[in-house]
Structure formats: C-alpha cells, structure tokens
Trainee: 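Submitted below is the structure of interest, expressed as structure tokens.
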Amino acid sequence: MRTAILIALAFLWSMPALAQDTDSKLESELVALHTQWFKAYDTGDGPAMNQMEVKDLVLVMPIGVIYRKTMPRGKHPAADPPVERSLSDISVRRYEGTAILTGTLTTKSSQENSKEATTVVFVMSDGKWKVAAAQWTPVTDTSASH
C-alpha cells in the first residue's frame, strides 16, 4: 500500500514538468504558425493564408477597423519594401481546442517601425491549429507593466 502511494505521489509530482513541456511545445508550434501566416501575408500568398485560417476569420486592425473574412483570399502584391516581423513577451494559454497567444509584434522596414500588442486566437480544426481571430493595438509606452 505504501509503495502504491509513493508511486502515485511521484507521478503527481512529475505532472507540472509534463505540463510545462507540453506548454512550451504548444507555444513553439503556435509561434511558428504565426510566423508562417505573416510570411504568407508579406509575400502575397493568400492561398497559403487560407490554409492557416478558419473560414470566418475576424481581424481587429490597429486603427480599429474590423475585417471579416467572407471568402477565400487570393494572391495579392507582396510587401514593398520587405518587412521583418518578430514576436516577444509571448504567453500562450490553452483551453481544450482553443489557444490564445498574446505578445508584442515588432514590425520593421525601411518605411515602418512599429510595436503592437497582439492577441491571436487559434482553434483546432481537422487536427490542425488555425487562426480564428487576431487583434493588434499600437504600443506607445513600453515602460508601463503590471
């Protein structure tokens, strides 16, 4: 009996480590998908974006405009000048078939240098994570944190 209790306690004690490993794997997967999604956008590859998005995607743009996807994206012109994007301050939370990524998106080009707080909602669809919604809000003061 005592051995069974010790085995159960050892298993339960290891659970946070297993959850942390799963969380870091999910974060890596979603960050990679986010990077691919923006690369497809920046290169004008609408069909690739369609593969990464749900059909009824909703985006809230930095100026407050709401974009509702009503039909598949087509090809569009690539970003000119080329754009470099990076995510920082990343947090990922999972709720069954939904995951929420929050962080700061930094965009740089010869004509743009911006930081935006971002929230991206992913849903599991046909065994793959897909972008269901996203919002970007300009960051004007990075010194405020709670």
Side-chain angles (χ1 to χ4, degrees), residues 7-146:
I7 291 172
L9 287 174
F11 176 75
L12 291 173
W13 203 335
S14 70
M15 291 300 285
L18 292 173
Q20 185 175 13
D21 186 45
T22 302
D23 291 347
S24 65
K25 181 180 175 189
L26 176 61
E27 181 177 311
S28 296
E29 183 178 350
L30 296 182
V31 168
L33 178 58
H34 184 274
T35 300
Q36 293 168 353
W37 185 50
F38 265 105
K39 181 178 180 183
Y41 176 78
D42 290 335
T43 60
D45 192 350
M49 294 182 77
N50 290 325
Q51 298 298 311
M52 294 178 256
E53 300 169 344
V54 296
K55 292 179 182 178
D56 59 349
L57 171 77
V58 176
L59 305 175
V60 180
M61 309 309 275
I63 59 172
V65 172
I66 297 174
Y67 166 83
R68 286 178 171 73
K69 184 176 179 179
T70 58
M71 61 183 172
R73 296 177 188 260
K75 290 273 187 191
H76 62 269
D80 186 32
V83 176
E84 178 185 319
R85 300 184 196 272
S86 62
L87 273 174
S88 59
D89 306 319
I90 300 164
S91 171
V92 172
R93 295 171 291 143
R94 182 176 184 170
Y95 304 94
E96 296 180 15
T98 303
I100 302 168
L101 179 150
T102 55
T104 303
L105 177 66
T106 301
T107 304
K108 294 180 182 180
S109 75
S110 61
Q111 296 178 347
E112 180 181 5
N113 189 5
S114 66
K115 281 189 183 247
E116 295 159 339
T118 186
T119 301
V120 184
V121 178
F122 296 87
V123 295
M124 184 61 71
S125 177
D126 298 325
K128 295 180 183 179
W129 288 108
K130 294 193 176 192
V131 180
Q135 179 168 351
W136 300 274
T137 304
V139 174
T140 56
D141 180 9
T142 58
S143 65
S145 102
H146 302 280

Trainee: Taking all non-hydrogen atoms of both residues into account, name the closest pair between Ala132 and Val54 and its distance.
Mentor: CA-CG2, 3.5 Å
Trainee: May I ask you to test the Val60-Thr119 pair for a side-chain heavy-atom distance under 4.5 Å?
Mentor: no
Trainee: For His34, which of Ile90, Val131, Leu105 qualifies under side chain to side chain contact (heavy atoms under 4.5 Å, CB included)?
Mentor: Leu105
Trainee: Working to the nearest 0.5 Å, report the span between CD of Glu116 and OG1 of Thr137.
Mentor: 8.0 Å
Trainee: Hey, mind stepping through Glu112 and Ser114 against side chain to side chain donor-acceptor pair (under 3.5 Å) and telling me if it holds?
Mentor: CA-CA 6 Å; Glu112 180 181 5; Ser114 66; 3.2 Å; yes
Trainee: Given side chains that start at C-beta, do those of Phe122 and Val92 come closer than 4.5 Å, heavy atoms only?
Mentor: no
Trainee: Starting at CD of Gln111, measure out to CG of Asn113 and round the result to the nearest 0.5 Å.
Mentor: 12.5 Å
Trainee: Please name the pair of heavy atoms, one in Val139 and one in Ala117, separated by the smallest distance, quoted to 0.1 Å.
Mentor: CG2-N, 3.3 Å
Trainee: Could you pull out the closest heavy-atom pair between Ala134 and Trp37, with the gap in Å?
Mentor: CB-CH2, 4.1 Å
Trainee: Supply the atom-to-atom distance Leu57 CG to Tyr67 OH, rounded to the nearest 0.5 angstrom.
Mentor: 6.5 Å
Trainee: Which pair of non-hydrogen atoms, one from Gln51 and one from Lys130, has the smallest distance, and what is that distance?
Mentor: O-CE, 3.6 Å
Trainee: Quick one: OG1 on Thr102 to CD on Gln135, what's the gap to the nearest 0.5 Å?
Mentor: 12.0 Å
Trainee: Can you see which heavy atom on Ser110 is nearest to which on Pro81, and at what distance?
Mentor: OG-CG, 3.2 Å
Trainee: Please report the shortest heavy-atom distance between Leu26 and Ala99, naming the atom on each side.
Mentor: CD2-CB, 4.4 Å
Trainee: How long is the span from the CG atom in Leu101 to the CD atom in Glu27, to the nearest 0.5 Å?
Mentor: 7.0 Å
Trainee: Taking only distance into account, with no hydrogens and no angle test, what donor-acceptor pairs under 3.5 Å do side-chain atoms of residues 38-46 form with protein atoms, sequence neighbours excluded?
Mentor:
{"from": "Asp42", "atom 1": "OD1", "to": "Arg85", "atom 2": "NE", "distance (Å)": "3.4"}
{"from": "Asp42", "atom 1": "OD1", "to": "Arg85", "atom 2": "NH2", "distance (Å)": "2.8"}
{"from": "Asp42", "atom 1": "OD2", "to": "Arg85", "atom 2": "NE", "distance (Å)": "2.9"}
{"from": "Thr43", "atom 1": "OG1", "to": "Lys39", "atom 2": "O", "distance (Å)": "2.9"}
{"from": "Thr43", "atom 1": "OG1", "to": "Ala40", "atom 2": "O", "distance (Å)": "3.3"}
{"from": "Asp45", "atom 1": "OD1", "to": "Ala48", "atom 2": "N", "distance (Å)": "3.1"}

Trainee: Side chains of Lys115 and Asp89: closer than 4.5 Å at any heavy-atom pair?
Mentor: no
Trainee: Output the distance between atom CD (Gln36) and atom CE (Met52), rounded to the nearest 0.5 Å.
Mentor: 6.0 Å
